[in-house]
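One structure is given below, encoded as structure tokens.
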Amino acid sequence: MKKVEAIIKPFKLDEVKEGLNAIGVQGITVTEVKGFGRQKGHTELYRGAEYVVDFLPKIKIEIAVSDDQAEKVVETIVQTANTGRIGDGKIFVLPMEEAIRIRTGERGPDAV
């Protein structure tokens, strides 16, 4: 099993969600997060004063999938979240040791 974590621009969430639904992903966890990458934030002008926005609003998506589905999930996120501009985000694929469904006690791929 794999855990796919993606950090994307907030306005791309609906498009990514629809793409994942289309390939059969049954569940995702979404969190509003803030952060920065290489772009190191940006400056904005507010009432004539310039200030630096260090942490930009992003969306973090977490998906637990079987090993054979992980690559398709990554491809779908890349295709749907891409704007071609800086700050599109990152995807991390991690090995997932165990998954347990609390209600039934199922373990492993059955719990996902």
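If you read the sequence from its start, that first residue is 1, and numbering goes on from there. These numbers come from a predicted model, not from an experiment.
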Cluster question for you: counting only ILVMFWY and a side-chain heavy-atom cut-off of under 4.5 Å, with indirect links fine, are Val73 and Met96 together?
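Not linked; separate clusters.
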Is there a path from Val30 to Ile63 through hydrophobic residues (I, L, V, M, F, W, Y) whose side chains come within less than 4.5 Å of each other?
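Same hydrophobic cluster.
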For Glu62, which residues count as a salt bridge (charged side-chain N to carboxylate O under 4.0 Å, His left out) partner, sequence neighbours excluded?
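If we apply the salt bridge (charged side-chain N to carboxylate O under 4.0 Å, His left out) test to Glu62, skipping adjacent residues, the hits are Lys3.
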Distance, nearest 0.5 Å, that separates [atom1] of [X] from [atom2] of [Y]:
| X | Y | atom1 | atom2 | result |
| --- | --- | --- | --- | --- |
| Met1 | Asp67 | CE | CG | 8.0 Å |
| Ile59 | Lys9 | CD1 | NZ | 13.0 Å |
| Ile8 | Lys90 | CD1 | NZ | 14.0 Å |

Who clusters with Val33? Use side-chain heavy atoms, under 4.5 angstrom, across I, L, V, M, F, W and Y, and order the result by chain and number.
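None; Val33 is a cluster of one.
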Which atom pairs, one a donor and one an acceptor, fall under 3.5 Å between side chains of residues 105-112 and the rest of the protein, sequence neighbours left out?
{"residue": "Glu106", "atom": "OE1", "partner": "Arg101", "partner atom": "NH1", "Å": "2.7"}
{"residue": "Glu106", "atom": "OE1", "partner": "Thr104", "partner atom": "OG1", "Å": "2.9"}
{"residue": "Arg107", "atom": "NH1", "partner": "Glu98", "partner atom": "OE2", "Å": "3.4"}

Listed by chain and number, what are the side-chain contact (heavy atoms from CB on, under 4.5 Å) partners of Ile7, not counting sequence neighbours?
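Applying side-chain contact (heavy atoms from CB on, under 4.5 Å) to Ile7 gives Lys58, Lys60, Phe92.
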Could you pull out all donor-acceptor pairs under 3.5 Å where a side-chain atom in residues 12-20 meets a protein atom, sequence neighbours excluded?
{"residue": "Lys12", "atom": "NZ", "partner": "Glu15", "partner atom": "OE1", "Å": "3.1"}
{"residue": "Lys12", "atom": "NZ", "partner": "Thr80", "partner atom": "O", "Å": "3.3"}

Main-chain N/O of Asn82 paired to Asp88 side chain as donor or acceptor, under 3.5 Å
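It does not hold such a pair.
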So, using side chain to side chain donor-acceptor pair (under 3.5 Å) as the criterion, who are the partners of Thr31 when residues are at least two apart?
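With neighbours one apart ignored, the set is empty.
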